[in-house]
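Labels below follow one simple rule: chain letters A, B, ... track the order of the sequence lines, proteins then strands, and each chain is numbered from 1.
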2 protein chains.
Amino acid sequence: MRQSNKREPLSRERILRAALGVVDSEGLEAISMRRVGQELGVEAMSLYNHVANKAAILDGLFEIVLAEMPAATKAATWQVALRDNARALRLVLRAHPHTLPLFATRPAVTPASIIHVEAALELLRKAGFSADEALCTLQVMVAFVVGHTVAGYSPTRPEEESRPAYEQLSKQDFPRVHELVAVLARHDIEKEFEFGLEAMLAGLEARLTRRKASRKE
Amino acid sequence: MRQSNKREPLSRERILRAALGVVDSEGLEAISMRRVGQELGVEAMSLYNHVANKAAILDGLFEIVLAEMPAATKAATWQVALRDNARALRLVLRAHPHTLPLFATRPAVTPASIIHVEAALELLRKAGFSADEALCTLQVMVAFVVGHTVAGYSPTRPEEESRPAYEQLSKQDFPRVHELVAVLARHDIEKEFEFGLEAMLAGLEARLTRRKASRKE
DNA sequence: ATGATTGACTTACAACGTAAGCTTATGACG
DNA sequence: CGTCATAAGCTTACGTTGTAAGTCAATCAT
């Protein structure tokens, strides 16, 4: 009955990877200590030898997802670097949509992502941003990327109330909303992301040039 | 022993308000059917006469928080309107920081906020944005506001590992990160929000003028 | 060989969401 | 006034959860 061969020992690493597997295939609320243990052929309580508690597993999930982000390639300009980073972050988040709620609870910047932060800061500082501006820029970019990805890709459970209301109530009272119904059909959420990303970058660039101009006179 | 006087009857409204009270003072994970019932002097199961289940309560919380957003005042330009809306949304979210995780799971636009959406769309369309651009603009703004507020105001439980790492490891390996340590002390997250908001607005405005120019030639 | 350490398993408990059934107050209608 | 339907509360019960506490077998240093 018992797992016959000498099994490889448990570890934080293996636990997190098993947990990520469960979350990816069954959703965030599917993980319980017993479920993760079962995935590893182990009792729930055995996990406590390697992780402090369930919250620590969620923290770890957040961490290993973020660690999937590829190292930044050498970019020509800070604009390109920021854009690349934003897209890379979005891709990582989209790869594990069920973990997205985690990013709403935990601080976005973590030791795992510090390399990316350092690289981005370096470029921004050299481009002429002050330390504070560079910090703001990064935080604001992350906020946008995470915010937009969470909004668009959080797996919505099949609630039936919210959808139909649009077509019915809105014709005369909300003409502009009604107008969107047709648009929504062919609306591309990736285009929407790029739309926001470009706006953000353009705004940051404008700020930088204005800043340089005011310093020089 | 029993609650003596004829008590006023339960209702979805009362349940949600009680739940919001619990969440505001004790945090999101403090709400359980029994806890909310206790708040109203009622058994847990009685709540099921007015709400479908716990998820419905969370949906309702989301809803009544969003409903606190004040009606938009008549704004001079779409820029001012967007800025006002963004700040108003942020204020509402900040007023109930414990509910912020809810905004990561649920769709941002809800029947409760449709009036604001309609008003904003009207202004954007009149300013020259296409229907799709107006939709993108709104979604992107909401994503930024929610994303940034969640990142900055989600009540972080007192985890002790993440903080001290900064000062230690970063001096030579991460000089730019290290540079931030001093900045962080006097860093103002509201300024940071305004920084991002202005960048976003500037970028959107640039897009609009470019669009008008290209249509005219 | 022996003793300590590690890491698994077992048991147990309180709290959770909620299904099912029961009880009581309200109000319509003969 | 009596009857009875409906509504809205209460009670009990079940399965699942996170995890504290205790047990036991394997590994390893001496």
Side-chain angles (χ1 to χ4, degrees), chain A residues 1-23 25-62 98-99 101-102 105-106 157-159, chain B residues 1-23 25-62 98-99 101-102 105-106 157-159:
Chain A
M1 200 46 130
R2 140 142 9 174
Q3 199 113 340
S4 51
N5 293 6
K6 178 177 300 184
R7 67 190 116 189
E8 62 186 323
L10 233 44
S11 70
R12 184 183 130 96
E13 172 81 14
R14 284 191 65 213
I15 291 173
L16 293 184
R17 211 143 297 280
L20 184 56
V22 173
V23 170
S25 61
E26 300 174 37
L28 234 202
E29 65 273 18
I31 47 167
S32 69
M33 301 306 273
R34 291 174 234 258
R35 181 71 187 78
V36 174
Q38 166 191 324
E39 201 74 3
L40 295 161
V42 141
E43 294 301 312
M45 291 309 292
S46 302
L47 304 178
Y48 285 87
N49 289 316
H50 300 96
V51 299
N53 49 32
K54 186 183 174 180
I57 292 187
L58 297 178
D59 286 343
L61 280 184
F62 173 80
H98 287 288
T99 68
L102 295 178
T105 325
R106 278 135 240 270
R157 64 232 135 86
E159 305 280 330
Chain B
M1 198 49 130
R2 143 144 4 175
Q3 200 113 338
S4 50
N5 293 6
K6 178 177 300 183
R7 67 189 117 189
E8 61 185 325
L10 233 44
S11 71
R12 183 183 132 95
E13 172 81 14
R14 286 190 65 212
I15 291 173
L16 293 183
R17 211 143 299 279
L20 184 56
V22 173
V23 170
S25 61
E26 300 173 38
L28 234 202
E29 66 273 20
I31 47 165
S32 68
M33 300 306 274
R34 291 173 233 257
R35 181 71 187 79
V36 174
Q38 166 191 325
E39 200 73 5
L40 295 162
V42 141
E43 295 301 312
M45 291 309 293
S46 301
L47 304 178
Y48 285 88
N49 289 316
H50 300 96
V51 298
N53 50 32
K54 186 182 174 180
I57 292 188
L58 297 179
D59 285 343
L61 280 184
F62 173 81
H98 287 288
T99 68
L102 295 179
T105 325
R106 278 135 241 269
R157 63 233 136 85
E159 305 281 329

Student: Without decimals, in angstroms, what is the distance between B:Asn49 CG and C:dC22 P?
Tutor: 17 Å
Student: Rounding to an integer number of Å, can you tell me how far A:Glu43 CD sits from D:dT17 P?
Tutor: 13 Å
Student: Rounded off to whole Å, could you give me the CD1-to-C1' distance for the A:Ile31 and D:dT16 pair?
Tutor: 15 Å
Student: Look at the side chain of B:Thr99 and the backbone N and O of B:Leu102, then say whether any donor-acceptor pair between them is shorter than 3.5 Å.
Tutor: no
Student: Side chains of B:Val51 and B:Asp59: closer than 4.5 Å at any heavy-atom pair?
Tutor: no
Student: Specify the closest pair of heavy atoms between A:Leu28 and A:Pro101, including all atoms of both residues, with the distance to one decimal.
Tutor: CD1-CB, 3.9 Å
Student: So how far is it from A:Glu29 CD to A:His98 NE2, rounded to the nearest 0.5 Å?
Tutor: 8.5 Å
Student: Measure the spacing between CD1 of A:Ile57 and CG of A:Leu20 and express it to the nearest 0.5 Å.
Tutor: 12.0 Å
Student: To the side chain of B:Ser46, which of D:dT11, D:dG9, D:dG18 is closest?
Tutor: D:dG9
Student: A:Arg35 versus A:Glu26: any side-chain heavy-atom pair under 4.5 Å?
Tutor: yes
Student: Using a cut-off of strictly less than 4.0 Å, decide whether A:His50 has a side-chain nitrogen or oxygen near OP1 or OP2 of C:dA8.
Tutor: yes
Student: Output the rounded distance in Å from CG (A:Leu58) to C1' (D:dG18).
Tutor: 12 Å
Student: Between the protein and nucleotides 19-21 of chain D, are there any N/O to N/O pairs under 3.5 Å, and if so, what are the atom names and distances?
Tutor:
from: D:dT19; atom 1: OP2; to: A:Tyr48; atom 2: OH; distance (Å): 2.8
from: D:dT19; atom 1: OP2; to: A:Lys54; atom 2: N; distance (Å): 3.0
from: D:dT19; atom 1: O5'; to: A:Tyr48; atom 2: OH; distance (Å): 3.2

Student: Calculate the interatomic distance between B:Gln38 atom CD and D:dC10 atom P; express it in whole Å.
Tutor: 13 Å
Student: With rounding to the nearest 0.5 Å, note down the distance linking OH in B:Tyr48 to CD1 in B:Ile15.
Tutor: 10.5 Å
Student: Rounded to whole angstroms, how far apart are CZ on A:Arg35 and P on D:dT17?
Tutor: 10 Å
Student: Round to the nearest Å and state the distance from A:Ile15 atom CD1 to C:dA8 atom C1'.
Tutor: 12 Å
Student: With a 4.0 Å limit, can you tell me whether A:Ser32 has a side-chain N or O closer than that to the phosphate oxygens OP1/OP2 of D:dT17?
Tutor: yes
Student: Between C:dC9 atom C1' and A:Leu47 atom CG, what is the distance in whole Å?
Tutor: 12 Å
